[in-house]
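Heads up: the structure comes next, in structure tokens.
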Amino acid sequence: MRVLESESMPLRTSEDIVLVRQAVRKKAVALGFGLVDQTKIVTASSELARNTLDYGGGGVVELAVVENGRRSGLRLVFEDHGPGIANLDLALTDGYTSGQGMGLGLGGAKRLSHEFEIASKTGEGTKVSIVRWK
Amino acid sequence: MRVLESESMPLRTSEDIVLVRQAVRKKAVALGFGLVDQTKIVTASSELARNTLDYGGGGVVELAVVENGRRSGLRLVFEDHGPGIANLDLALTDGYTSGQGMGLGLGGAKRLSHEFEIASKTGEGTKVSIVRWK
Amino acid sequence: MDRIPILKMGEFLLVTIQVDMHDRLALTLQDDLTAQIVKQKSRGVLIDISTLEMVDSFIGRMLGSIASMARLLGADTVVVGMQPSVAITLVELGLSMKGIRTALDVEKGMTALRAAVLASREDGDE
Amino acid sequence: MDRIPILKMGEFLLVTIQVDMHDRLALTLQDDLTAQIVKQKSRGVLIDISTLEMVDSFIGRMLGSIASMARLLGADTVVVGMQPSVAITLVELGLSMKGIRTALDVEKGMTALRAAVLASREDGDE
Ligand SMILES: Nc1ncnc2c1ncn2[C@@H]1O[C@H](COP(=O)(O)OP(=O)(O)O)[C@@H](O)[C@H]1O
Ligand SMILES: Nc1ncnc2c1ncn2[C@@H]1O[C@H](COP(=O)(O)OP(=O)(O)O)[C@@H](O)[C@H]1O
């Protein structure tokens with residue numbers, strides 16, 4: 001996977017989530033994503049951005065336009081230095097939330113993406129990466 | 001509410017549910033319902049037809065074109081002489097099923113309709129009536 | 001913007017969400033609506049989301065909470081104008097908006113609300 | 001018709017639902033698909049529902065069960081071509097198709113499946 005361009009945005013407030021959604025939409029449109037595909041990646045970004053803020057205590061997201069052979073796509077990497085996730089399988093289970101959520105953020109973001117990776121260490125933080133190809 | 005035309009169909013087998021869905025679609029199209037409205041009333045009819053069959057032990061459905069002032073609509077009345085429903089509030093609760101279902105048939109059919117009535121007596125049977133206006 | 005306006009239309013309330021809401025704004029709307037239902041003795045709430053380009057699990061939950069609270073206060077809620085791309089995404093997200101009525105546009109939403117109010121009056125109560 | 005045909009396409013299976021299925025037919029499809037995943041050692045299942053004019057809670061549950069069983073057998077499932085009117089109705093019905101991936105058409109479905117298979121190979125396993 002080759003990175004063609006990338007930019008970082010902070011995630012500190014709930015307004016930042018809105019800014020991330022808008023930036024993701026813009027990049028998806030520029031890449032020529034159809035309306036449904038745009039909506040899917042924007043929705044996934046909103047879920048993950050909220051997790052970074054609410055559970056990770058804030059962090060950053062890196063938006064990258066990537067290429068793999070002839071395919072182009074959008075990669076989003078959310079990173080925080082929060083408490084981390086002790087049980088990843090549990091966190092990924094639809095309906096599980098440790099807070100007030102619906103427990104659909106991680107599972108939903110995974111379904112709405114073509115690639116999904118999560119790495120987390122207790123006490124060190126969490127990194128979630130998704131890709132949606134055109 | 002004035003009945004302009006009506007027809008009855010039996011509900012004895014799972015093929016009958018398909019026939020009811022098709023008859024409801026036809027009437028909705030004839031009434032000039034848009035695609036989403038057609039889909040809503042057809043889906044509601046499918047849920048209620050299955051209940052009549054699975055829980056009521058079979059029965060009939062009456063499809064009627066109705067009018068109320070200037071509005072026209074489609075009324076569907078499902079009737080069986082099965083065991084009836086002991087606790088209507090419980091039966092209407094989303095997620096409650098006494099069988100293998102998803103527990104969304106009654107609540108879903110209600111939301112997908114403009115009017116919803118249910119009457120049931122233990123040992124005597126169940127009658128569910130829905131209307132969707134154009 | 002720190003508040004989404006709530007319009008009174010007879011016995012109904014109409015909310016048109018025209019901005020990409022941040023989470024606090026969504027929570028404020030939820031509180032404001034509850035207060036208005038009580039104050040205006042409203043029988044129905046129409047929420048127009050036709051300009052919303054995305055509904056995530058937070059906004060979905062907010063819509064569900066509004067509908068539940070309104071129900072407790074004797075009002076029906078209809079969510080109006082959900083874009084097809086939003087509906088398709090909600091299905092894949094796995095969100096069930098249990099208990100939420102939807103309609104294509106404000107006019108059809110009004111039809112649904114009027115029918116619901118009429119029906120609950122005939123019944124005495126639901 | 002008493003069976004819906006299942007096509008093998010390399011390591012994937014493709015099912016195109018072209019009839020208004022009665023409930024037994026849906027259950028037969030579910031059984032047939034599970035058997036074929038095992039027999040063909042398939043890594044993915046594409047279910048094309050673009051001609052389905054309605055998905056009720058029965059069919060929704062069937063799609064969910066197929067996805068869960070496929071997952072247990074190491075295959076991903078993508079439901080393809082859901083009509084917008086069907087998605088809008090599903091949301092109001094209150095059905096959450098938890099765990100189901102969707103795609104606009106067969107081509108995009110294949111993209112999603114290939115990505116999923118590739119990803120799970122890179123991981124060793126998911
Ligand atoms: N960045 C993160 N840092 C720490 N914990 C997290 C993070 N993201 C998710 N989690 C944990 O995973 C759980 C499930 O997340 P999710 O599926 O998004 O559901 P929800 O956001 O509704 O709680 C959260 O409740 C939380 O406990
Ligand atoms: N016609 C009927 N006769 C008897 N019981 C019924 C009938 N329709 C519904 N019920 C009862 O109400 C419950 C809830 O129905 P519903 O909401 O349609 O969910 P589901 O069909 O998934 O069980 C059923 O499980 C059944 O116990």
Side-chain angles (χ1 to χ4, degrees), chain A residues 1-2 28 31-44 47 66-77 85 87-97 101-120 127-134, chain D residues 12 43-50 60-61 63-72 75-88 90-91 94-126:
Chain A
M1 199 186 301
R2 219 156 57 89
L31 269 166
F33 278 38
L35 181 58
V36 172
D37 287 342
Q38 290 168 32
T39 309
K40 287 182 176 186
I41 183 90
V42 170
T43 306
E47 298 293 341
V66 291
E67 207 181 59
N68 194 351
R70 283 170 316 162
R71 291 186 306 179
S72 54
L74 198 50
R75 187 183 70 188
L76 308 175
V77 183
I85 302 177
N87 186 337
L88 277 181
D89 282 341
L90 184 63
L92 274 160
T93 305
D94 276 343
Y96 170 79
T97 177
M102 312 222 27
L104 292 173
L106 290 175
K110 185 174 176 186
R111 281 189 291 282
L112 292 169
S113 311
H114 289 137
E115 299 185 18
F116 177 95
E117 273 170 45
I118 183 165
S120 187
K127 188 168 167 178
V128 182
S129 164
I130 59 173
V131 182
R132 189 158 180 105
W133 299 108
K134 208 201 137 177
Chain D
F12 301 144
R43 298 297 310 264
V45 178
L46 270 180
I47 306 179
D48 183 353
I49 61 166
S50 55
R61 182 163 57 102
L63 294 173
S65 306
I66 288 174
S68 314
M69 289 190 311
R71 190 89 292 272
L72 289 175
D76 284 288
T77 302
V78 177
V79 171
V80 150
M82 183 182 292
Q83 294 185 17
S85 51
V86 169
I88 288 172
L90 276 180
V91 169
L95 194 69
S96 91
M97 307 226 293
K98 288 218 175 85
I100 296 196
R101 275 170 189 272
T102 62
L104 274 194
D105 52 36
V106 172
E107 200 192 318
K108 281 178 188 268
M110 292 290 265
T111 304
L113 274 185
R114 282 202 202 97
V117 168
L118 225 68
S120 73
R121 261 184 209 143
E122 277 165 13
D123 289 4
D125 200 353
E126 277 205 302

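Below, chains carry the letters A, B, ... as their sequence lines are ordered, and counting in each starts from 1.
- Not counting sequence neighbours, the partners of A/T93 by the side-chain contact (heavy atoms from CB on, under 4.5 Å) test are A/Y96.
- With a threshold of 4.5 angstrom between heavy atoms, A/N68 does not approach chain D through any atom at all.
- When heavy atoms are compared at a cutoff of 4.5 Å, A/R71 approaches chain D solely by way of its side chain, counted from C-beta outward.
- For A/R75, the side chain to side chain donor-acceptor pair (under 3.5 Å) partners two or more places apart in sequence, or in a different chain, are A/E62.
- Residues meeting the side chain to side chain donor-acceptor pair (under 3.5 Å) test with D/T102, sequence neighbours left out: A/K40, C/E92.
- Only the backbone of D/I100 comes within contact range of chain A, with heavy atoms under 4.5 Å apart.
- Annotation: side chain of D/R101 is in contact with side chain of A/K110 (closest heavy-atom distance under 4.5 Å).
- Using a 4.5 Å cut-off between non-hydrogen atoms, the part of residues 105-112 of chain D that approaches chain A consists of D/K108, D/T111, D/A112.
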